[in-house]
Q: 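Take a look at this one; I'll ask things after.
Below, chains carry the letters A, B, ... as their sequence lines are ordered, and counting in each starts from 1. Every heavy atom of this structure was used, including side-chain atoms; hydrogens, water molecules and symmetry mates were not. Quick caveat, the model's predicted, so the values are computed rather than measured.
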Amino acid sequence: MSEVRVRFPPSPTGYLHIGGARTALYNWLFARQHRGTLVLRIEDTDEERSTQASIDGIIDGLNWLGLDWDEGPYFQTEHAADHVAAAERLLVAGRAYKCFCTREELEQKREQALAEKRDPGYDGSCRNLSAADIATREAQGQAAVIRFKVPERSGTLFYDDEVLGRIERAYSEIEDFVIVRSNGKPLYLLSNVVDDIRDRITHVIRGQDHMTNTTRQVLLYEALEAPLPVFAHIPLTLDIQKRKISKRSHGEVVAVQFYRERGFLPWALCNFLALLGWNPGTEQEFFSREELTKTFSLARINRANSVFNFRPGDEKFFTDPKLIAINEHYLRNLEREELGTLVQPVLEQAGLWQPAYADERRNWYLDTLLLIRDRFHTLNDFATAGRAYFSDNYSIDPKPLARNILKHPQLTEWLPELAARFAKLTDFNSETTEALCREMAAELDIKPGILINAMRTVLTGQLAGASMFDILASLGQDTVVRRLSTVEHLYAS
RNA sequence: GUCCCCAUCGUCUAGUCAGGUCCAGGACACCGGCCUUUCACGCCGGCAACACCGGUUCAAAUCCGGUUGGGGACGCCA
């Protein structure tokens, strides 16, 4: 039984996006499940578009997601000599040939073919050049690319895809493709195969957009006399208009980085991504790493493409609502200490962190997070909607201000009075404050809700929140008294 | 234009390979209710789909053919 070896080969031409992350996740799950090896290989043969920033971004993204690899990162350009050597071998074996057609000629033919609604593929002009002809052209200094010579066979070529079943394509439909540029640099189709052979890749798990590449690469494996890996083409992630998701046309919402910045939990994203195109066949939707690793299987990957349901410009659907729901689930179920650890950097970045939260106020800090997390969607909410718990410098939302404060001008007297009474409490807790508050409401002959909602608004700035008296206990007597004592400024403008 | 892939609620999907247990199940979203000082959680309920046509069969979401629709590829990009 041979070892499972898979790879994730991003091209560093942009950030890591949702689709790429899912491909990485599926490879990672498959590797971990089989106790195999995941190779990270940076496919940087496109020198014009490859950037160091992209490489860093991709690695950062994978690290954040917790998708670790066992070998690499390898860089494809470092093996360019291997790729060219393979091409030379194919040339010698008569499995490839030099083509002197210029880019301009090819471009022109392609456009013309498309305009006439004909097949735009290469017409094979240089396929049967004589040795003398080639020598002459080379002597003249004409540049040549190397093309793979697709065998003249009747019938169809096929491979058995783990997701899609048998895929067939007629030999006659496959055109002679370029494997080495005229400047001597190898191209993806070739490099990718040579590297996969060298890295002893056993399973190629990649997007369905590679299917036509695969049929050509199957030919390359054969010509290079290497065993074929197992192919698994996973469905594509589409936007709501059913367009393939790409960094260029969709911007940041499809970037993994975006979710990190917005306070999503990395495993929530993984869990969501796992379910986008795959399902366990049971009704389970939340998985730990271990559970997912155990349950995942290529055979249960969906054949149809899936839609990543986000609506640009829509605040509520700024990303797929299911992803938000999954994130909320994890946020609510995170263990106390882990939650504390994850929220810390968010508070730090907002300037709300205090060293005491790691020390003498640790308990208060963790209790407070537990108290307020139920209504939050992301980690960032702790620093925004939850700001009043960590700082006196917070703003009051207009909606609760109008509804709970401005509507009752007498609160300018009631709230300071309430503060005064709170100040006298010797045991300030949720029970004593509630009793006191209800007592005062009865005296004034008003509904307790008026005082309670007014307090919520003044103390947290928010329309919604946890049980008010728990909030009071969390905030503490001093803060509560201070904030309730002067409220006139709220009526200012 | 050619080739390849795909087709179940708005979205993610179960069910398709081994036809009947499916007048199609779950989740998210949405709507209503309960709870409640608010909001949320939670709980209860609701709306909502087998693309179409034909064939095979006692029986089709499931098998076959066609149509339509969607996607991908057709680069000296990866």
Q: First locate atom CG of Leu220(A), then atom CG of Asn192(A), and finally report the distance between them rounded to the nearest 0.5 Å.
A: 9.5 Å
Q: Taking the six-membered ring for Trp and the full ring for Phe, Tyr or His, determine whether the centres of His17(A) and Phe258(A) are under 6.0 Å apart.
A: no
Q: Under 3.5 Å for both donor-acceptor distances, Watson-Crick or wobble: does G42(B) have a partner, and if so which one?
A: C34(B)
Q: Given U38(B), C76(B), C41(B), identify the nucleotide with an atom nearest to the side chain of Ala464(A).
A: U38(B)
Q: Can you see if the side chain of Lys244(A) gets near the phosphate of A73(B) - specifically, an N or O under 4.0 Å from OP1 or OP2?
A: yes
Q: Taking only the side-chain heavy atoms of Asp209(A) (C-beta and beyond), determine which of A73(B), A27(B), C12(B) contains the nearest atom.
A: A73(B)
Q: For C52(B) versus G42(B), give the span between their C1' atoms, rounded off to a whole number of Å.
A: 43 Å
Q: Identify which nucleotide among A78(B), G75(B), C4(B) has an atom closest to any side-chain atom of Arg181(A), counting heavy atoms from C-beta outward.
A: A78(B)
Q: Looking only at side-chain N and O atoms, does Arg110(A) come under 4.0 Å of OP1 or OP2 in C76(B)?
A: yes
Q: Could you tell me the Watson-Crick or G-U partner of A27(B), where both distances fall under 3.5 Å? Say none if there is no partner.
A: U11(B)
Q: In whole Å, what is the span from the NE2 atom of His83(A) to the C1' atom of C76(B)?
A: 17 Å
Q: Can you tell me, in whole Å, how much space there is between the C1' of C9(B) and that of A61(B)?
A: 13 Å
Q: A cation-pi test, strictly: NZ or CZ of Arg387(A) under 6.0 Å from the centre of the six-membered ring of Tyr394(A) and no more than 45 degrees from its axis. Yes or no?
A: no
Q: Does a sphere of radius 6.0 Å around CD in Glu335(A) hold more than 12 heavy atoms from other residues, nucleotides or ligands, not counting ones at 6.0 Å or beyond?
A: no
Q: In the structure shown, which nucleotide is the Watson-Crick or G-U wobble counterpart of U21(B), with both distances under 3.5 Å?
A: none
Q: Going from CD on Glu417(A) to CG on Leu411(A), what distance comes out if it is rounded to the nearest 0.5 angstrom?
A: 12.5 Å
Q: Tell which nucleotide pairs with C74(B), taking only Watson-Crick or G-U wobble pairs whose two distances are both under 3.5 angstrom.
A: G1(B)
Q: Please give the distance between the P atoms of A73(B) and A78(B) as a whole number of Å.
A: 15 Å
Q: Using Watson-Crick or G-U wobble geometry with both distances under 3.5 Å, which nucleotide pairs with A51(B)?
A: U67(B)
Q: Test for a donor-acceptor pair under 3.5 Å between the base of C3(B) and the side chain of Arg169(A), counting only N and O atoms.
A: no
Q: A59(B) pairs with which nucleotide, Watson-Crick or G-U wobble, both distances below 3.5 Å?
A: none
Q: Could you check which of A78(B), A27(B), A73(B) has an atom nearest any side-chain atom of Thr212(A)?
A: A73(B)
Q: Is the ring centre of His210(A) under 5.5 Å from the base ring centre of A78(B), and are the two planes under 30° apart, so that they stack?
A: yes
Q: For Ala143(A), answer base if it contacts any base atom (sugar-phosphate contacts may also be present), sugar-phosphate if it contacts only those atoms, and nothing otherwise; contact means non-hydrogen atoms under 4.0 Å.
A: nothing
Q: So Gly207(A), base contact, sugar-phosphate only, or nothing? Heavy-atom distance under 4.0 Å.
A: nothing
Q: Quick check: on RNA chain B, is the nucleotide nearest Glu283(A) upstream (toward 5') of the one nearest Leu276(A), or the reverse? Name the residue that is more 5'.
A: Leu276(A)
Q: Would you measure the distance from the C1' atom in G10(B) across to the matching atom in C47(B) and give it in whole Å?
A: 11 Å
Q: Assign each of Ile167(A) and Arg243(A) to its nearest nucleotide of RNA chain B by heavy atoms, then name whichever residue's nucleotide is nearer the 5' end.
A: Ile167(A)
Q: Starting at CD of Glu328(A), measure out to CG of Leu323(A) and round the result to the nearest 0.5 Å.
A: 10.0 Å
Q: Expressed in angstrom and rounded to an integer, what is the separation of Arg118(A) atom CZ from C3(B) atom P?
A: 15 Å
Q: Any strand counts, and the cut-off is 3.5 Å on both contacts for Watson-Crick or G-U wobble. Which nucleotide pairs with U16(B)?
A: none
Q: When you get a sec, tell me which of G71(B), C12(B), C77(B) is the closest nucleotide to the side chain of Val307(A)?
A: C12(B)
Q: What's the CG-P distance between Asn309(A) and C30(B), to the nearest Å?
A: 12 Å
Q: Measure the distance from CD on Gln208(A) to C1' on A78(B) and round it to the nearest whole Å.
A: 18 Å
Q: If we take the P atom in both G46(B) and G1(B), what is their distance in whole Å?
A: 48 Å
Q: Quick one: the side chain of Asn213(A) and the base of A78(B), do they pair up donor-acceptor inside 3.5 Å?
A: yes
Q: Please state how far atom CZ in Arg49(A) lies from atom P in C76(B), giving the value in whole angstrom units.
A: 14 Å
Q: Work out how far the P atom of C41(B) is from that of A24(B), and round it to whole angstrom.
A: 28 Å
Q: Rounding to an integer number of Å, can you tell me how far Gln217(A) CD sits from A78(B) C1'?
A: 10 Å
Q: Measure from CG on Leu236(A) to P on A73(B) and round the result to the nearest Å.
A: 8 Å
Q: Would you state whether a donor and an acceptor, one from the side chain of Ser182(A) and one from the base of C76(B), lie under 3.5 Å apart?
A: yes
Q: On a whole-Å scale, what distance lies between the P atoms belonging to C6(B) and C17(B)?
A: 15 Å
Q: Cation over ring, Arg166(A) on Phe158(A), under 6.0 Å and within 45°?
A: yes
Q: Whole-Å distance between C3(B) C1' and Tyr122(A) OH?
A: 20 Å
Q: Would the Trp278(A) and Phe296(A) ring centres measure less than 6.0 Å apart?
A: yes
Q: Side chain of Lys242(A): nearest nucleotide among G71(B), U38(B), A78(B)?
A: G71(B)
Q: Let's test your reading of the model: under 3.5 Å, does the base of C6(B) pair with the side chain of Arg303(A) as donor and acceptor?
A: no
Q: If the cut-off is 4.0 Å, is Arg300(A) near the phosphate of G15(B), judged by side-chain N/O to OP1 or OP2?
A: yes
Q: Taking the side chain of Asp119(A) as heavy atoms from C-beta outward, which of A78(B), C12(B), G1(B) is closest to it?
A: G1(B)
Q: Is the distance from OP1 or OP2 of A14(B) to the nearest side-chain N or O of Asn279(A) less than 4.0 Å?
A: yes
Q: Closest to the Pro321(A) side chain: C28(B), C39(B), C12(B)?
A: C28(B)
Q: Output yes when at least one side-chain N/O atom of Arg456(A) is less than 4.0 Å from OP1 or OP2 of C39(B), else no.
A: no
Q: Considering only atom C1', compute the distance from A27(B) to C34(B) and round it to an integer number of Å.
A: 22 Å
Q: Phe318(A) and Phe310(A): aromatic ring centres closer than 6.0 Å?
A: no
Q: Any N or O donor-acceptor pair linking the side chain of Ser306(A) to the base of U13(B) at under 3.5 Å?
A: no
Q: Of the nucleotides U13(B), C76(B), A78(B), which has the atom closest to the Asn302(A) side chain?
A: U13(B)
Q: Using only atom types and a distance under 3.5 Å, with no angle test, would you say the side chain of Glu291(A) pairs donor to acceptor with the backbone of Ser288(A)?
A: yes
